[in-house]
Amino acid sequence: MILEKVINRVEIQSEYKDLVDKYIDHVRTEYKGEIHSIYMCGSIPKGTATPFKSDADFTIVCENPKDIDYERLSNIQDRLLEEYPFVTKIDTIICSIDDVLNKPNEWGFWVKIICVCIHGDDIGEKVPPIIISPEFILDLNRETKEEVDRIHRLLSNTSDNALKTRYIKGYSKRLIRALYSLVLVDTGVWQDDMLKMKIAIVDYCDIDSALVDYLYACYLDCSSVLVEEFLEIADEVYSYFENALKAMAASRKP
């Protein structure tokens with residue numbers, strides 16, 4: 001079964017168009033000749049964004065990510081957030097052309113399936129069709145432990161309430177996505193709607209549905225969530241996920 005692209009057509013709402021255009025212009029000006037292409041994912045390119053609730057998610061593809069100084073990029077994002085306060089957050093992922101082409105089940109999946117090109121030549125078109133299989137799911141989650149451990153450390157060590165909220169929401173989202181990857185063989189499609197992901201996980205995974213409901217509730221509103229309680233449940237969910245991956249890997253061995 002071949003995965004289809006999440007967003008087939010860019011439909012940016014009028015109130016977000018200037019933000020996207022200025023992001024592209026600022027990035028191109030700041031990093032002249034270093035940018036191959038720029039992509040978006042999420043509600044803004046789908047045309048379903050909600051002011052003061054939706055964030056802006058960009059991906060930059062370049063020859064060498066080290067050429068993109070993140071401090072300068074953060075300054076661009078901060079200025080745009082001041083100018084467009086109805087955008088909750090601006091995130092940018094940076095990857096190389098080689099990663100997209102040589103890691104089709106990881107970066108290739110991200111650019112080809114999740115993102116849509118908003119500037120430059122769409123390198124996702126050069127990525128071969130992505131077939132849903134245990135091998136793909138294992139490759140897709142190759143860096144999940146590292147990402148989860150990083151967010152876990154950040155959340156454990158911060159005392160800033162705004163950062164706690166951001167980390168809990170991001171951690172919840174990452175775990176739900178990881179769990180959803182386990183049921184791709186059953187659904188046959190990648191979802192970017194968190195509610196649909198949650199429903200599919202409950203339908204097809206044997207994990208305690210109360211844990212999934214808790215994560216989803218934290219993703220929606222984590223303003224009153226206790227960090228210690230959240231981390232305990234997050235660890236339980238990740239343990240289930242890790243064991244499922246190990247079982248999947250073992251099943252592939254001759």
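- Checking Thr92 against Gln77 by side-chain atom types alone, a donor-acceptor pair falls below 3.5 Å.
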Does the side chain to side chain contact (heavy atoms under 4.5 Å, CB included) test come out yes or no for Asp149 and Lys145, once each step is laid out? CA-CA 6 Å; Asp149 286 347; Lys145 178 172 174 50; 3.3 Å; yes
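- Two residues are said to be in side-chain contact when any heavy atoms from C-beta on lie closer than 4.5 Å; Leu154 and Leu163 fail this criterion.
- Ile176 and Ile201 make their closest contact through O-CD1, 3.4 Å (heavy atoms, listed as atom of the first residue, atom of the second, distance).
- Residue Leu140 holds its CG atom at 12.0 Å from CD of Glu135, rounded to the nearest 0.5 Å.
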Are Glu229 and Tyr214 close enough, and set up right, to give a side chain to side chain donor-acceptor pair (under 3.5 Å), and what steps lead you there? CA-CA 11 Å; Glu229 178 186 71; Tyr214 178 86; 3.2 Å; yes
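- Remark: the backbone N or O of Leu73 is paired with a side-chain donor or acceptor of Tyr31 at under 3.5 angstrom.
- Contact annotation: the side chain of Asp99 never approaches that of Glu106 to less than 4.5 Å [non-hydrogen atoms, C-beta and beyond].
- How far CG of Asp186 is from OH of Tyr204: 6.0 Å, rounded to the nearest 0.5 Å.
- Annotation: the span from Ile130 atom CD1 to Lys5 atom NZ amounts to 9.5 Å, rounded to 0.5 Å.
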Using side chain to side chain contact (heavy atoms under 4.5 Å, CB included), reason through Thr59 and Ile38 one step at a time and then give a plain yes or no. CA-CA 6 Å; Thr59 294; Ile38 302 174; over 6 Å; no
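- Side chain of Thr158 to main chain of Leu155: no donor-acceptor pair is present (N/O by atom type, distance under 3.5 Å, no hydrogens or angles).
- With a 6.0 Å radius and a threshold of 12 heavy atoms from other residues, nucleotides or ligands, Glu147 has its CD atom above the threshold.
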I would like to know whether Leu182 and Met248 meet side chain to side chain contact (heavy atoms under 4.5 Å, CB included); could you show each step before the answer? CA-CA 9 Å; Leu182 298 176; Met248 186 179 296; 4.2 Å; yes
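- Distance alone, capped at 3.5 Å, places no donor-acceptor pair between the Ser239 side chain and the Asp235 backbone.
- Side-chain contact between Ile24 and Ile118: present, with at least one pair of heavy atoms (C-beta onward) separated by less than 4.5 Å.
- With respect to the salt-bridge test (charged N to carboxylate O, under 4.0 angstrom), the residues Asp160 and Lys164 do not qualify.
- Residues Asp18 and Tyr84 form a side-chain contact, since some pair of their non-hydrogen atoms from C-beta on lies under 4.5 Å apart.
- Sorted by first and then second residue, the ring pair (Phe, Tyr, Trp, His ring centres under 6.0 Å) pairs involving residues 32-60 (not counting sequence neighbours) are Tyr23-Phe58.
- For Ser156 (side chain) and His152 (main-chain N/O), a donor-acceptor pair under 3.5 Å exists by modelled atom type.
- With Ser181 contributing its side chain and Ala178 its backbone, the two residues share a donor-acceptor pair below 3.5 Å.
- Annotation for Lys112 and Val127: closest pair NZ-O, 2.9 Å, computed over non-hydrogen atoms.
- Side chain of Thr165 to backbone of Asn161: a donor-acceptor contact under 3.5 angstrom is found.
- Asp55 meets the salt bridge (charged side-chain N to carboxylate O under 4.0 Å, His left out) test with Lys89; sequence neighbours excluded.
- Interatomic distance, Ile151 CD1 to Leu231 CG, rounded to the nearest 0.5 Å: 11.0 Å.
- For the pair Pro65 and Cys95, the tightest heavy-atom approach, listed with the atom from each and the gap, is CG-C, 3.9 Å.
- A donor-acceptor pair under 3.5 Å links the side-chain atoms of Asp221 to the main chain of Ser223, judged by distance alone.
- Between the SG atom of Cys222 and the CG atom of Leu215 there is a distance of 11.5 Å, given to the nearest 0.5 Å.
- Side-chain contact between Lys17 and Asp21: present, with at least one pair of heavy atoms (C-beta onward) separated by less than 4.5 Å.
- The heavy-atom pair separating Glu15 from Pro51 by the smallest distance is OE2-CG, 4.3 Å.
- How far CG of Leu175 is from OG1 of Thr144: 9.5 Å, rounded to the nearest 0.5 Å.
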Side chain to side chain contact (heavy atoms under 4.5 Å, CB included) between Val202 and Ile207, worked out: CA-CA 7 Å; Val202 171; Ile207 188 172; over 6 Å; no
Hey, mind stepping through Lys196 and Asp203 against salt bridge (Lys or Arg N to Asp or Glu O under 4.0 Å) and telling me if it holds? CA-CA 10 Å; Lys196 291 180 179 179; Asp203 285 346; over 6 Å; no
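- Salt-bridge check for Glu11 with Lys46: failed, with every basic side-chain N at 4.0 Å or more from each acidic carboxylate O.
- When hydrophobic clusters are built by joining Ile, Leu, Val, Met, Phe, Trp and Tyr residues whose side-chain heavy atoms come closer than 4.5 Å, directly or via intermediates, Tyr70 is grouped together with Val61.
- Looking at every heavy atom in both residues, Leu81 comes nearest to Val87 through CD2-O, 3.4 Å.
- Between Asp121 and Lys126 there is no salt bridge, since no side-chain nitrogen of the basic residue lies less than 4.0 Å from a carboxylate oxygen of the acidic one.
- Counting heavy atoms from C-beta outward, Cys62 and Asp67 have side chains that stay 4.5 Å or more apart.
- Between Phe109 and Phe136, a ring centre-to-centre spacing shorter than 6.0 Å is recorded.
- In this structure, the side chains of Asp57 and Met40 stay at 4.5 Å or more apart for every pair of heavy atoms.
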Checking side chain to side chain donor-acceptor pair (under 3.5 Å) for the pair Tyr16/Ser54: CA distance, chi angles, key distance, verdict? CA-CA 11 Å; Tyr16 292 94; Ser54 299; 4.8 Å; no
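- When all heavy atoms of Ile7 and Cys41 are compared, the closest pair comes out as CD1-CA, 4.3 Å.
- By the criterion of side-chain heavy atoms lying less than 4.5 angstrom apart, applied directly or through intervening Ile, Leu, Val, Met, Phe, Trp or Tyr residues, Ile131 is not grouped with Leu138; the two fall into different hydrophobic clusters.
- Side chains of Val237 and Leu179 form a contact here, defined as non-hydrogen atoms less than 4.5 Å apart.
- With respect to Lys22 and Glu83, a salt bridge is recorded, a charged nitrogen being found less than 4.0 Å from a carboxylate O.
- Between Asp139 and Lys103 no salt bridge is recorded (no basic side-chain N to carboxylate O distance below 4.0 Å).
- Side-chain atoms of Arg28 never come within 3.5 Å of backbone atoms of Ile35 as a donor-acceptor pair (strictly under, hydrogens ignored).
- Pairs passing the ring pair (Phe, Tyr, Trp, His ring centres under 6.0 Å) check and including a residue from residues 219-244, sequence neighbours excluded, read Tyr171-Phe230, Tyr238-Phe241.
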